[in-house]
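See structure below.
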Amino acid sequence: MLVIFGLRTKTEVLRWVTFVCRVCGHGGPMLLLRGVTKFSLFFIPLFPVRVRYAVECRNPACRSRTSVSAADADRMPASTHR
């Protein structure tokens with residue numbers, strides 16, 4: 001019997017937030033991202049294993065992602081950037 005299983009992470013954009021990058025120091029609107037890792041069985045995602053939040057710097061020279069906690073992600077003020 002062959003069992004195929006694994007993990008897959010999908011990242012989605014939640015909203016624009018105002019943040020200062022911890023890597024380059026660039027401040028302004030940045031993307032708040034949520035990555036959900038799900039356990040898959042026979043390529044069918046069954047249940048979430050891990051949820052992580054990150055802020056992506058929009059500075060073209062940096063483009064780094066900084067991890068933030070779920071509580072910090074909820075408290076971040078939304079930006080008016082479109």
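From a predicted model like this one, the values you see are computed outputs, not experimental measurements.
Closest approach of V68 and A73 over heavy atoms only: CG2-CB, 4.4 Å.
Looking at heavy atoms from C-beta onward, C21 lies in side-chain contact with M30 at the 4.5 angstrom threshold. A 4.5 Å side-chain heavy-atom check between K10 and K38 finds every atom pair outside the cut-off.
At most 12 heavy atoms of other shown residues, nucleotides or ligands fall within 6.0 angstrom of atom CZ in R52. Heavy-atom contacts from other residues, nucleotides or ligands closer than 6.0 Å to CZ of F43 number 12 or fewer. Within a 6.0 Å radius of CZ in R8, other residues, nucleotides and ligands contribute 12 heavy atoms or fewer.
Both F5 and V49 are part of a single hydrophobic cluster, where members link through side-chain heavy atoms under 4.5 Å apart. In the hydrophobic clustering of ILVMFWY residues, with side-chain heavy atoms under 4.5 Å counting as a link, V13 and V36 come out apart. Note: the hydrophobic cluster containing W16 also contains L33 (ILVMFWY, side chain heavy atoms under 4.5 Å, direct or indirect links). Note: the hydrophobic cluster containing V51 also contains M76 (ILVMFWY, side chain heavy atoms under 4.5 Å, direct or indirect links).
Remark: F39 engages F47 in a ring-ring contact (aromatic ring centres under 6.0 Å, His included) (not counting sequence neighbours). Partners of R34 by side-chain hydrogen bond (donor to acceptor under 3.5 Å, both in side chains), not counting sequence neighbours, listed by chain and number: E12.
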Q. What's the verdict on side-chain contact (heavy atoms from CB on, under 4.5 Å) for C62 and H26, showing C-alpha distance, side-chain angles and the deciding distance?
A. CA-CA 9 Å; C62 182; H26 173 73; over 6 Å; no
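For the side chain to side chain contact (heavy atoms under 4.5 Å, CB included) with R65, the lone residue among V23, L31, T11 that qualifies is T11.
Interatomic distance, I4 CD1 to L2 CG, rounded to the nearest 0.5 Å: 5.0 Å. Here L32 contributes atom CG and D72 contributes atom CG; the two are 10.5 Å apart, rounded to the nearest 0.5 Å. How far OG of S64 is from CZ of R22: 10.0 Å, rounded to the nearest 0.5 Å.
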